[in-house]
Amino acid sequence: MAAIKETSTIQENKKYALEKCPITFVMEKIGGHWKPIILYHLSTGDKRYSELKRAIPAVTEKMLIQHLKQLEADGLVIREAKPVVPPFVTYRLSTAGEGLLPVIDAMASWAFKVKDGVYSVK
């Protein structure tokens, strides 16, 4: 990843937004289409890359790898590689990632309620 210039206007705007709205910080960490889905699948336990790929068939390999790296860099996912041939790599939620489980569960609960007609969304 490219180095982030600490004094840029964008970084200053992010700091200001974080102070005024903590949701900005959360969205920096889990924003995007695939990150919450990855976190949802890791909520049930450790997964190998191939298990995540099977669980999320619509994601491309590039996007899955990219988002796993970002989640790891943000401290939400722990990547554990065992030095064997072939490589044995597992992903699991860190303590910070586990702290997001109530948020992920709330999102899933809301989705099921919409699906079941409890809420009307148009």
Side-chain angles (χ1 to χ4, degrees):
M1 285 188 212
I4 297 173
K5 185 177 174 184
E6 293 296 326
T7 58
S8 71
T9 303
I10 293 172
Q11 294 306 313
E12 289 299 319
N13 289 342
K14 285 182 182 180
K15 287 178 187 175
Y16 176 79
L18 175 58
E19 291 172 8
K20 298 296 179 187
C21 178
I23 299 302
T24 302
F25 179 77
V26 175
M27 293 309 294
E28 282 287 315
K29 303 297 179 192
I30 68 166
H33 184 80
W34 299 112
K35 287 181 183 178
I37 296 168
I38 293 167
L39 293 171
Y40 174 78
H41 286 288
L42 289 175
S43 70
T44 58
D46 298 7
K47 299 273 188 295
R48 294 188 67 182
Y49 174 84
S50 60
E51 292 174 303
L52 286 170
K53 182 66 179 120
R54 272 194 304 276
I56 315 168
V59 69
T60 63
E61 288 192 28
K62 176 186 175 188
M63 291 307 294
L64 182 55
I65 292 167
Q66 181 178 332
H67 287 303
L68 283 168
K69 285 181 179 180
Q70 290 172 353
L71 288 166
E72 183 183 10
D74 287 337
L76 301 177
V77 169
I78 296 170
R79 179 185 186 270
E80 189 175 341
K82 296 180 182 168
V84 295
V85 176
F88 189 88
V89 178
T90 57
Y91 295 91
R92 62 183 166 89
L93 294 177
S94 66
T95 305
E98 289 173 354
L100 283 169
L101 289 181
V103 174
I104 299 298
D105 289 341
M107 291 168 65
S109 175
W110 180 84
F112 285 124
K113 287 178 182 175
V114 169
K115 179 181 171 249
D116 293 341
V118 175
Y119 302 134
S120 176
V121 177
K122 298 198 183 212

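Quick note: numbers below take in every heavy atom, side chains included, and nothing from hydrogens, waters or symmetry partners.
- Heavy-atom minimum distance, Ile104 versus Pro36: CD1-O, 4.1 Å.
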Step-by-step side chain to side chain contact (heavy atoms under 4.5 Å, CB included) determination, Ile65 to Tyr49: CA-CA 9 Å; Ile65 292 167; Tyr49 174 84; 3.8 Å; yes
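- Under a hydrophobic-cluster definition in which Ile, Leu, Val, Met, Phe, Trp and Tyr are linked whenever side-chain heavy atoms come within less than 4.5 Å, directly or via other members, Trp110 and Phe112 are assigned to different clusters.
- The two residues Pro87 and Arg48 come nearest to each other via the heavy atoms O-NH2, 3.4 Å.
- For His67, the side-chain hydrogen bond (donor to acceptor under 3.5 Å, both in side chains) criterion is met by Gln70, not counting sequence neighbours.
- Distance check, rounded to the nearest 0.5 Å: CE of Met63 to CD1 of Ile38 gives 8.5 Å.
- Looking at Arg54 and Glu51, their side chains come closer than 4.5 Å, going by heavy atoms from C-beta outward.
- What you find for Ala96 and Gly75 is that their closest heavy atoms are CB-O, 3.7 Å.
- One distance of note links CG of Leu68 with OH of Tyr91; it measures 5.0 Å at 0.5 Å rounding.
- Atom CD1 of Ile56 sits about 6.5 Å away from atom CD1 of Ile37, to the nearest 0.5 Å.
- Atom OH of residue Tyr40 and atom CG of residue Asp105 lie 8.0 Å apart, to the nearest 0.5 angstrom.
- Leu39 is not connected to Phe25 by any chain of hydrophobic side-chain contacts under 4.5 Å among Ile, Leu, Val, Met, Phe, Trp and Tyr, and they are in different clusters.
- Remark: the backbone N or O of Leu101 is not paired with any side-chain donor or acceptor of Ser43 at under 3.5 angstrom.
- To the nearest 0.5 angstrom, Ile78 atom CD1 is 4.0 Å from Arg92 atom CZ.
- Leu100 contributes atom CG, which lies 9.5 Å from atom CG of Leu71 (distance to the nearest 0.5 angstrom).
- No chain of hydrophobic side-chain contacts below 4.5 Å, direct or via other Ile, Leu, Val, Met, Phe, Trp or Tyr residues, connects Val103 to Met27.
- Leu76 and Ile23 fall into different hydrophobic clusters, where Ile, Leu, Val, Met, Phe, Trp and Tyr are joined by side-chain heavy atoms under 4.5 Å apart, directly or via other members.
- For Asp74, the salt bridge (Lys or Arg N to Asp or Glu O under 4.0 Å) partners are Lys29, not counting sequence neighbours.
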